[in-house]
Amino acid sequence: MYVVVAGETVLPVGGSARRTADLAGAVRELEAAEHPRWVWADGREVYPGLLSAGVRVSRCHDLALTEGLLLAYEGRYGEPRSAAAAHARLYGLPVPEDQPSAPDTLFAPEPLSAEAVAEVLADQLRRIEALPEPGRFRLLVAAESAGALIAAEMSYDGMPWRRDVHDALLTDLLGPRPVHGMRPAKLQALADEVAAAFGHPVNPDSVQQLVKAFKGAGVALKTTRSWELKQIDHPAVAPLLAYKELARLFSFHGWVWADQWVRGGRFRPEYVVGGVVSGRWATSGGGALQIPKVMRRVVVADDGWVLIVADAAQLEPRVLAAMAGDVGLARAAGEIDLYAALAQSFGGERANAKIAMLSAMYGGTSGDAPKLLAVMRQRFPKAYQFVEDAAKAGEEGRLVRSWLGRTSPPPSSRWRELVSGPEGSRAARDRGRFTRNFVVQGTAAEWALALMAVLRGLLPEPARMVFFQHDEVMVHCPISQAEEVIAAVASAASEATRLLFGATPVRFPMEAVAVSSYADAK
DNA sequence: GGGATACGCGCC
DNA sequence: AAAGGGCGCGTATCCC
């Protein structure tokens, strides 16, 4: 059963609309009585309000996210995906551009009526049914929509973040918090060491100045990447490397960052569902997906609670094995350590097996990659061919799709020009690497979304999902629920696997541990 | 002095 | 050893 929510109106599809003065109350009642699939134009505008009112729903159909998926599938990537745009297209009216994420309320368009939302829903369901694999795409839409609920809930609940531990860590590494605009003491000391090593002032934040300073000292550098610096014998290198590491910590995850993103002992980032073309999430602030490992000790469970941290082991090669139906690779993917199981095919070297798989999925060509890929082609022909086909499609400017039907963007007009020019083969290869990776990364993202959607439904109150990072999920729950949640993670992993691939010999191990601090998880 | 781009590096 | 996919984002730097 679908129930539309638009403005203050609730409309069961096929029934009659009801205007309500208490939207949250109406949703709460219907959710308890019917647990319908809620339909809204854009969950980002509806769900946070419901959460603030203490209302959560189990499932939804997000029109904007679904429209984006459908447009891409239909080769219309980039057309406005809002429900208002979809509705305008239905009637041949001028199509409004999508609003930026923070809509300007002054110029925001009139929201769609509940009836109009229902019309867009009907149109989307019709378009989905017309696809070659409607079942898969329905799963994709359900998973993407569930992701939108989870993202909003995780921002609302927040990840535990101990500001006192954070401050102690920063003070330990950088020195006390400096006044605005100043470098912390230890950072300044390292900058001074760099300058002393050169015998003149150098701004360690300036690539230009560094390259020039090293040149003056008789060292030719193309870049100042740390791996290149590490090969150089010069007294400035050690303090410079230390400076770069700490400077990043200071500017990216320092006190100013905490002031902005940590409230009430919780870190509340803004997740962007489907923000990456492959279907991975992005963040629009807070850098939640780039928290340095050294910061993990700051994430500490509340008293009497634990963090359940679970990550999928070697998700992408397993996804490839399942998609390609490669029996040999699938057999290896029946083991907990896939690369170890592959080692004997690669001269007994686990490291070589890993390089071969990563090169196949990323399009690597350097070092031993060609030799190892030749082995892979011979031993795992179907898996090899699967990513080769994706790469070829990309090179030829065609679209590729993930397992459930998320579709890559078409080549840009710039690319089409480039590909017929002198640098054409380079441009073609670049796009081939992208599409090669897209099919694997995109399907891995789908598996992870399905996992989260299932897990969410299995969690007991008051356990909460509080963090998600590509193939890793964190649940915050009372200590007494730890075992139940760990078991739920395992169930959700098998169910996600079944939902995507049905009966497959490929295993998707998702090991969960209960810890009081995130730093203890690995 | 404000916007756009390059660099570098954190995460997967 | 140093190149192969996806991002976000702070600083420096360029350009108008």
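Each chain gets a letter, A, B and so on, in the order its sequence line appears, and its residues count up from 1. We use all heavy atoms of the structure for the numbers below, so side chains are in, but hydrogens, waters and symmetry mates are not.
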Would you say Lys293(A) places a side-chain N or O within less than 4.0 Å of OP1 or OP2 belonging to dC12(B)? yes
Does anything in residues 150-173 of chain A form a ring-ring contact (aromatic ring centres under 6.0 Å, His included)? List the pairs, not counting sequence neighbours. Trp161(A)-His166(A), Trp161(A)-Trp257(A), Trp161(A)-Phe267(A), His166(A)-Trp257(A)
Note: contacts of residues 431-448 of chain A with DNA chain B (heavy atom, under 4.0 Å) are none
Enumerate donor-acceptor pairs with a distance under 3.5 Å from any side-chain N or O in residues 435-444 of chain A to protein atoms, sequence neighbours excluded.
residue	atom	partner	partner atom	Å
Thr435(A)	OG1	Ala390(A)	O	2.8
Thr435(A)	OG1	Gly394(A)	N	3.4
Thr435(A)	OG1	Arg431(A)	O	3.2
Thr435(A)	OG1	Gly432(A)	O	3.2
Arg436(A)	NH1	Ala360(A)	O	2.9
Arg436(A)	NH2	Glu388(A)	OE2	3.0
Asn437(A)	OD1	Gln441(A)	NE2	3.0
Asn437(A)	ND2	Met361(A)	O	3.2
Gln441(A)	OE1	Ser278(A)	OG	2.5
Thr443(A)	OG1	Trp403(A)	N	3.1
Thr443(A)	OG1	Val439(A)	O	2.7

Could you pull out all residues at least two apart from Tyr73(A) that satisfy ring-ring contact (aromatic ring centres under 6.0 Å, His included)? Phe137(A)
Nucleotides 3-6 of chain B: which of its N/O atoms have a protein N/O under 3.5 Å away?
none

For DNA chain B, determine which residues of residues 237-258 of chain A have any heavy atom closer than 4.0 angstrom to one of its atoms, and list them numerically. Lys244(A), Arg248(A)
Excluding sequence neighbours, so at least two apart, what forms salt bridge (charged side-chain N to carboxylate O under 4.0 Å, His left out) with Arg398(A)? Glu396(A)
Sequence neighbours left out, what pairs pass salt bridge (charged side-chain N to carboxylate O under 4.0 Å, His left out) with at least one residue falling in residues 348-365 of chain A? Asp337(A)-Arg350(A)
The salt bridge (charged side-chain N to carboxylate O under 4.0 Å, His left out) partners of Arg268(A) (sequence neighbours excluded) come to none
Taken in chain and number order and not counting sequence neighbours, the residues that satisfy salt bridge (charged side-chain N to carboxylate O under 4.0 Å, His left out) with Arg163(A) are Asp259(A)
For Glu446(A), give me all partners under side-chain hydrogen bond (donor to acceptor under 3.5 Å, both in side chains), at least two apart in sequence or on another chain. Ser402(A)
Any N/O pairs under 3.5 Å between the protein and nucleotides 14-16 of chain C? List them or say none.
residue	atom	partner	partner atom	Å
dC14(C)	OP1	Gln208(A)	NE2	3.1

